[in-house]
Amino acid sequence: MVTTAIENSVKEGLMNIEVIPEIEIEEPKERQHGDLAINTAMVMAKQAKMPPKKIAEIIVSKMDPSNTFIERIEIAGPGFINFFLKDKFLEETLKLVYERGKDYGRVNIGNGKKVQVEFVSANPTGPMHMGNARGGALGDALASVLDYAGYDVTREFYINDAGNQIEKFGYSLEARYLQLLGIPAEVPEGGYHGEDIIDRAREFLEIYGDKYKDVPSEERRKALIEYGLKKNLEKIKEDLALYGIEYDVWFSEQSLYDSGEVYKVIEELKQKGYTYEKDGALWFKMTLFGAEKDDVLVRSNGFPTYLASDIAYHKNKFITRGFDWVINVWGADHHGHVAPMKGAMQALGIDPDRLDVVLMQLVKLIEGGQVVKMSKRTGRMVTLRDLIDEVGKDAARFFFNLRSADSPIDFDLDLAKEQSNENPVFYVQYAHARICSIIRQLEEEGVKIDNIDEVDLSLLKEEEEKELIKKLAYFPEEITIAAKTLAPHRITRYVLDVASLFHSFYNSHRVKGVEEDLMKARFVLILAVKTVIKNALNILKITAPERM
RNA sequence: GCGCCUGUAGCUCAGUUGGAUAGAGCAACGGCCUUCUAAGCCGUGUGUCGGGAGUUCGAAUCUCUCCAGGCGCACCA
């Protein structure tokens with residue numbers, strides 16, 4: 001409508017504009033500034049060589065809001081055009097929420113595009129730590145948001161079951177196994193010193209006894225690795241399931257070696273002339289793609305590096321499996337790996353913009369006021385399982401998704417335990433439970449909504465009611481922004497706002513015990529609030545309890 | 001040294017591709033339950049948006065610079 005008004009103004013010679021800017025609609029912070037506002041007049045001021053206020057006046061004079069939800073239009077401040085919506089808009093919002101139910105909030109900016117979200121991908125050499133907990137909460141919520149935004153989402157866990165750290169894992173297990181058999185052995189430098197390694201070795205001993213005592217080290221390690229990986233993966237799957245995460249695909253790095261894809265992609269890069277040999281190793285000319293320096297693809301001992309297998313992995317994602325868009329959730333300590341991967345995609349003829357990496361800042365663990373260095377190698381850590389057991393899945397997921405990925409987190413587990421009932425997640429869940437309680441009582445009294453068109457929603461005139469409905473109307477927009485900016489924490493903030501507005505409403509107005517028509521209208525309102533809270537919590541995989 | 005991220009109220013953090021008087025939770029104080037769950041609501045206030053400069057109608061947001069913190073810069077992943 002605005003665009004048309006501008007076009008007409010230009011046609012009539014009232015303005016001189018070459019390019020009509022994109023109309024950005026925003027929600028003003030102050031209610032006196034209307035329900036929606038645009039800054040188009042100010043954006044165009046320079047181009048039109050006219051004061052923004054004048055432009056705004058021309059635009060407004062050319063708009064006809066008679067067949068819309070717009071009640072009136074005002075020009076304010078330096079040239080904002082503010083729109084005030086009719087109450088009819090609020091009624092339509094409630095009907096829409098009522099009709100769409102669990103699908104309310106779904107938008108289609110994704111158009112069914114195939115997107116893969118890879119997250120956590122914890123090393124299967126030990127239990128998952130707090131960083132994995134954060135990555136899990138973030139990645140899973142991001143995947144849900146994209147699903148709500150109309151993408152065809154695949155959740156994937158990449159199993160690093162090949163390479164150097166697996167070797168170290170093998171040596172570490174071997175040392176513990178031999179120790180248990182009374183044979184002197186040491187966990188090697190840079191090996192894994194955690195308790196879990198001893199547990200695995202002991203379990204192995206219980207199953208196989210001293211069968212692997214006198215066999216060659218290589219055979220012994222192979223058996224230990226096979227057992228250890230299998231067992232660790234089982235535990236990882238179990239813990240993630242408790243955390244509410246179900247993957248579509250568990251992808252093995254080793255499978256890329258077994259299928260020959262790693263060697264094929266190295267060969268491809270060689271053919272394209274993007275490699276050279278130096279010091280007995282094969283190097284990738286990353287500097288051609290904007291990197292600071294080149295990196296090694298194949299070590300002088302003949303083994304490919306993780307870079308090589310990762311390139312093969314991403315080629316598999318894009319080419320073999322045909323994902324349109326790939327999103328990796330990585331810890332900030334891997335940020336140096338982003339540019340090489342994008343460069344490699346370019347080298348393979350894949351548009352690097354189809355690869356996004358969400359870098360999340362690290363979780364620093366605090367204990368007794370001191371920073372605890374988390375490391376699988378030193379074995380000193382707090383696991384995801386500890387977090388779930390002591391703080392709870394819902395509180396943990398809400399906590400992590402309250403912050404943007406860019407925000408570093410200091411996590412004090414003792415404090416988290418103490419404060420877990422102050423976690424805002426309960427504030428939201430409480431709102432949901434309160435609504436469910438009212439609904440139960442209304443249903444017991446035989447009140448029900450047969451046909452929403454027979455409910456007079458225009459009776460919802462109180463400020464608290466209008467504010468609440470406007471917030472509900474904003475949900476699809478919130479999903480859109482969260483998807484576009486890859487920022488699922490927006491949903492957490494949003495549902496907190498909804499809960500807050502509901503609690504305000506609850507304390508100033510009653511549903512039960514008012515005149516019947518109004519009661520029914522408010523019944524529809526709280527049903528809508530319940531739907532939105534539930535849908536939002538569902539995105540975060542947080543339970544929406546009916547009683548608390 | 002180079003690169004990425006961060007610096008916003010006493011504390012923990014939001015701030016939607018530059019927008020109107022910078023917001024919430026926690027903590028502090030005062031008030032609200034004979035009626036739908038007080039895990040709630042209402043009220044009271046504090047900011048050199050790390051410092052400085054620039055870009056423009058307009059900057060917490062963009063650019064430059066300096067300061068502080070985190071992370072990375074392997075033939076580990």
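No hydrogens, no waters, no symmetry mates; every other heavy atom, side chains included, goes into these values. Below, chain A is the first sequence line, B the second, and so on; all start at residue 1.
With a cut-off of 3.5 Å on both pairing distances, the Watson-Crick or G-U wobble partner of B:rC62 is B:rG54. Applying the Watson-Crick and G-U wobble criteria (two distances, each under 3.5 Å), B:rG1 pairs with B:rC73. For B:rA9, there is no paired base (Watson-Crick or G-U wobble, both distances below 3.5 Å). With both pairing distances under 3.5 Å, B:rC29 is matched to B:rG43 as a Watson-Crick or G-U wobble pair. Pairing of B:rA20, defined by two Watson-Crick or G-U wobble distances under 3.5 Å, is not identified with any nucleotide.
Enclosure of atom OH in A:Tyr257 by more than 12 non-hydrogen atoms of other residues, nucleotides or ligands within 6.0 angstrom is indicated. The local environment of CZ in A:Phe303 is sparse, with at most 12 non-hydrogen atoms from other residues, nucleotides or ligands closer than 6.0 Å. Heavy-atom neighbours of A:Glu189 CD from other residues, nucleotides or ligands within 6.0 Å: at or below the threshold of 12. The environment of A:Glu516 atom CD is sparse: at most 12 non-hydrogen atoms of other residues, nucleotides or ligands sit within 6.0 angstrom.
Applying the 4.0 Å criterion to OP1 and OP2 of B:rA77, one finds that A:Tyr192 has every side-chain N and O outside that range. Note on A:Tyr506: a side-chain N or O is less than 4.0 Å away from OP1 or OP2 of B:rA38. Remark: A:His489 is in phosphate contact with B:rG15, judged by side-chain N or O atoms under 4.0 Å from OP1 or OP2.
A salt bridge between A:Lys317 and A:Glu156 is absent, with no side-chain N of the basic residue lying under 4.0 Å from a carboxylate O of the acidic one. A salt bridge does not link A:Lys448 with A:Glu443: every distance from a Lys NZ or Arg NE/NH1/NH2 to an Asp or Glu carboxylate oxygen is 4.0 Å or more.
Residue A:Asn507 places a side-chain atom within donor-acceptor reach of the base of B:rG40, judged by atom type and a 3.5 Å distance cut-off alone. A donor and an acceptor atom sit less than 3.5 Å apart, one in the side chain of A:Tyr474 and one in the base of B:rU16. Contact of A:His337 with B:rG72 (side chain to base): no donor-acceptor pair of N or O atoms is detected under 3.5 Å.
Considering only side-chain atoms of A:His335, the nucleotide from B:rG72, B:rA14, B:rC41 that sits closest is B:rG72. Of the candidate nucleotides B:rC73, B:rG40, B:rC75, B:rC73 has the atom nearest to the side chain of A:Lys293. Among the nucleotides B:rC71, B:rC76, B:rU16, the one closest to the side chain of A:Ile481 is B:rU16.
Syn is the conformation of B:rC33, whose glycosidic angle sits no further than 90° from 0.
Relative ring orientation between A:Tyr274 and A:Phe289 is described as perpendicular, the plane-to-plane angle rising above 60° on a 0-90° scale split at 30° and 60°. Ring-plane geometry between A:Phe400 and A:Phe411 is classed as parallel, the angle between the planes falling under 30 degrees on a 0 to 90 degree scale with a further cut at 60.
For the P atom pair drawn from B:rG18 and B:rG3, the interatomic distance equals 24 Å after rounding to whole Å. B:rG15 and B:rU61: their C1' atoms are spaced 9 Å apart (whole Å).
Between the CG atom of A:Asn423 and the P atom of B:rA24 there is a distance of 20 Å, given to the nearest Å. Atom CZ in A:Phe505 sits roughly 15 Å away from atom C1' in B:rU37 (whole-Å rounding).
Contacts between residues 400-408 of chain A and RNA chain B, defined by a heavy-atom separation under 4.0 Å, are made by A:Arg403, A:Ser404, A:Asp406, A:Ser407, A:Pro408. Against RNA chain B, the stretch residues 429-445 of chain A makes heavy-atom approaches under 4.0 Å through A:Tyr430, A:Ala433, A:Arg434, A:Ser437, A:Ile438, A:Gln441. Listed in residue order, the members of residues 275-289 of chain A having a heavy atom less than 4.0 Å from RNA chain B are A:Asp279, A:Ala281.
Sequence order on RNA chain B of the closest nucleotides to A:Ser309 and A:Arg547 puts A:Arg547 first from the 5' end. Each of A:Gln361 and A:Asp295 has a nearest nucleotide on RNA chain B; the 5'-most of these lies closest to A:Gln361.
Contacts of A:Arg493 with the nucleic acid, taken as non-hydrogen atoms under 4.0 Å apart, involve only primed sugar atoms and P, OP1 or OP2. Residue A:Leu362 is classed as a sugar-phosphate contact, given heavy-atom separations below 4.0 Å to backbone atoms only. Residue A:Glu464 is out of contact with every strand shown, counting any heavy-atom pair closer than 4.0 Å. Backbone-only contact: A:Ser504 has heavy atoms under 4.0 Å from sugar-phosphate atoms and none from a base.
Within the 4.5 Å cutoff, the side chain of A:Ile327 has no heavy atoms near those of the A:Val357 side chain. Contact annotation: the side chain of A:Glu267 approaches that of A:Lys270 to within less than 4.5 Å [non-hydrogen atoms, C-beta and beyond].
Under a 3.5 Å cut-off, the side chain of A:Ser500 and the backbone N or O of A:Leu496 do not form any donor-acceptor pair.
With values rounded to the nearest 0.5 angstrom, A:Asp497 atom CG is found 4.0 Å from A:Lys471 atom NZ.
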